[in-house]
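Remarks on the structure that follows.
Chain letters run A, B, ... following the sequence lines, proteins first and then strands; every chain starts at 1. Bear in mind the structure is a predicted one, so any value in this text is a computation, not a measurement.
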There are 2 protein chains.
Amino acid sequence: MSGSTETNLVFSALADKSRRQIVELLHTKDSSIVELTQSFDMSFQAISKHVRILENAAILKKRKQGKFMICSLNHQALTDSLKWISYYSNFWNESFNKLEGLIKKQKND
Amino acid sequence: MSGSTETNLVFSALADKSRRQIVELLHTKDSSIVELTQSFDMSFQAISKHVRILENAAILKKRKQGKFMICSLNHQALTDSLKWISYYSNFWNESFNKLEGLIKKQKND
DNA sequence: ACATCATTAAACTATATGGTTGAATAATTA
DNA sequence: TAATTATTCAACCATATAGTTTAATGATGT
């Protein structure tokens, strides 16, 4: 229940702030590793390692384009973690309760 | 954007499988640390440390009850991480697209 | 008062992690 | 062909992390 190996990889990958930042960058635009590096105060090789970790968690895919490796997000890899957190954050309960509250309030107006 | 210190604490806390398991246990029932320990093949003190980490991330709260420390979930602490993952997993886009697909299909029937 | 139980604190260990640098490879450009 | 650029790989280092054991603290029950 606390998750498959893949879910574990995703949670571990997202634990690092720099890697979350890479996800954010890729969400706006597919990028090569050099491109990504420009947003960080860190060596190219360090970013390359982070990219590798995200790749192992299937959060991003690389495709070769000439001498570049273009990285792009694989949103689907995040859904298991999303489900886990949704469930244990009681998200739907809370939201439905709020909705119910709104409805009651409306009736009383 | 990649998150405040608190969000960072939550992501880090959730990176560990044992800690996610603690969250799962607490979701079914508030428990003391000894109680939690029974579900693990690990020393009491190790679990105590994990509990501390979850507490620092505000994912759980402790209240003293005699000689026990009863742990209970604070679901709200998870919502920032939930939002982050929801956003970058394209969850809502995907879901609305599926919904749209269903609607179109229905019209054609 | 005393033994027990739940917890915390502290010291320690092994391994994982996040970073570095330097060298090897492969595509691009001059 | 030679120089440059993007990437990967490997060796290395410092620190963080996850676990252990032992000792200290504090409430409970006898």
Side-chain angles (χ1 to χ4, degrees), chain A residues 2-3 5-26 29-73 81, chain B residues 2-3 5-26 29-73 81:
Chain A
S2 55
T5 314
E6 300 89 56
T7 316
N8 206 28
L9 284 174
V10 171
F11 273 114
S12 302
L14 295 183
D16 186 90
K17 199 163 191 164
S18 305
R19 287 195 290 266
R20 290 200 302 281
Q21 227 170 310
I22 290 176
V23 169
E24 293 167 14
L25 290 166
L26 293 180
K29 164 174 167 301
D30 292 0
S31 314
S32 69
I33 304 180
V34 234
E35 268 182 299
L36 291 172
T37 303
Q38 291 159 8
S39 301
F40 294 87
D41 183 24
M42 206 184 291
S43 75
F44 169 79
Q45 291 93 325
I47 299 297
S48 179
K49 275 190 179 185
H50 283 306
V51 163
R52 161 76 60 111
I53 289 167
L54 289 165
E55 189 187 19
N56 284 340
I59 296 174
L60 64 77
K61 286 171 296 186
K62 289 191 244 179
R63 63 173 186 279
K64 192 154 197 171
Q65 195 167 97
K67 63 177 167 178
F68 298 94
M69 286 300 254
I70 306 293
C71 306
S72 57
L73 283 186
S81 305
Chain B
S2 55
T5 315
E6 300 88 57
T7 316
N8 207 29
L9 284 173
V10 171
F11 273 115
S12 302
L14 295 182
D16 186 272
K17 199 162 190 164
S18 304
R19 288 195 289 267
R20 290 201 303 280
Q21 226 170 311
I22 292 176
V23 169
E24 292 168 12
L25 289 167
L26 293 179
K29 164 173 167 302
D30 292 0
S31 315
S32 69
I33 304 177
V34 233
E35 269 181 299
L36 290 172
T37 304
Q38 292 161 8
S39 302
F40 294 87
D41 183 25
M42 207 184 291
S43 74
F44 169 78
Q45 292 91 327
I47 299 298
S48 178
K49 276 191 179 183
H50 282 307
V51 164
R52 162 75 62 110
I53 288 167
L54 289 165
E55 189 187 17
N56 284 339
I59 296 175
L60 63 79
K61 286 170 298 189
K62 289 191 243 180
R63 63 175 186 277
K64 193 156 196 170
Q65 194 167 97
K67 62 178 169 181
F68 299 94
M69 287 300 256
I70 306 294
C71 306
S72 58
L73 281 186
S81 304

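- Rounded to whole Å, the distance from CG on B/Leu54 to C1' on D/dT17 is 14 Å.
- Here the CD1 atom belonging to A/Ile59 is positioned 4.5 Å from the CG atom belonging to A/Leu14, to the nearest 0.5 angstrom.
- The residue B/Lys62 sits close only to the backbone: its heavy atoms come under 4.0 Å of sugar-phosphate atoms, none of a base.
- Here C/dG18 is the nucleotide among C/dT7, C/dG18, D/dA18 with the atom lying nearest to any side-chain atom of A/Asp16.
- Atom C1' of nucleotide D/dT28 and atom CD of B/Gln65 are separated by 14 Å, given to the nearest angstrom.
- The A/Met69 side chain lies nearest to D/dT8 when the options are C/dT8, C/dT28, D/dT8.
- Distance CD1 (A/Ile47) to P (C/dG19): 8 Å, rounded to an integer number of Å.
- Spacing between atom CG of A/Leu60 and atom C1' of D/dT7 amounts to 15 Å, rounded to whole angstrom units.
- Taking atom NZ of residue B/Lys49 and atom C1' of nucleotide D/dA16, one finds them 11 Å apart after rounding to whole Å.
- The side chain of B/Gln45 lies closest to C/dA9, out of C/dA27, C/dA6, C/dA9.
- In this entry the distance linking NZ of B/Lys17 with P of C/dA16 reads 16 Å, nearest Å.
- Residue A/Arg52 has no polar side-chain atom (N or O) positioned under 4.0 Å from OP1 or OP2 of D/dT7.
- Closest to the side chain of A/Lys64, from the set C/dG18, D/dA18, C/dA27, is C/dA27.
- Of the candidate nucleotides C/dG19, D/dT7, D/dG19, C/dG19 has the atom lying nearest to any side-chain atom of A/Ser18.
- Here the CE atom belonging to A/Met69 is positioned 14.0 Å from the OG atom belonging to A/Ser31, to the nearest 0.5 angstrom.
- Comparing B/Ser43 and A/Glu55 along DNA chain D, the residue whose closest nucleotide (by nearest heavy atom) sits nearer the 5' end is A/Glu55.
- Listed candidates were C/dG19, C/dT28, D/dT7. Nearest to the side chain of A/Lys67 is C/dT28.
- Residue B/Ser48 places no side-chain N or O under 4.0 Å from the OP1 or OP2 atom of C/dT7.
- Of the two residues contacting DNA chain C, namely A/Ala46 and A/Gly66, the nearest-nucleotide position lying further toward the 5' end is that of A/Ala46.
- Neither OP1 nor OP2 of D/dT17 sits under 4.0 Å from any side-chain N or O of B/His50.
- Between the CZ atom of A/Phe11 and the C1' atom of C/dT17 there is a distance of 19 Å, rounded to whole Å.
- Remark: P of D/dA18 and CG of A/Asn8 are 11 Å apart, rounded to the nearest angstrom.
- Between A/Met42 atom CE and A/Leu36 atom CG the span is 11.5 Å, to the nearest 0.5 Å.
- Atom CD1 of residue A/Ile53 and atom CG of residue A/Leu9 lie 10.0 Å apart, to the nearest 0.5 angstrom.
- Remark: A/Lys49 NZ to A/Arg52 CZ distance equals 10.5 Å, nearest 0.5 Å.
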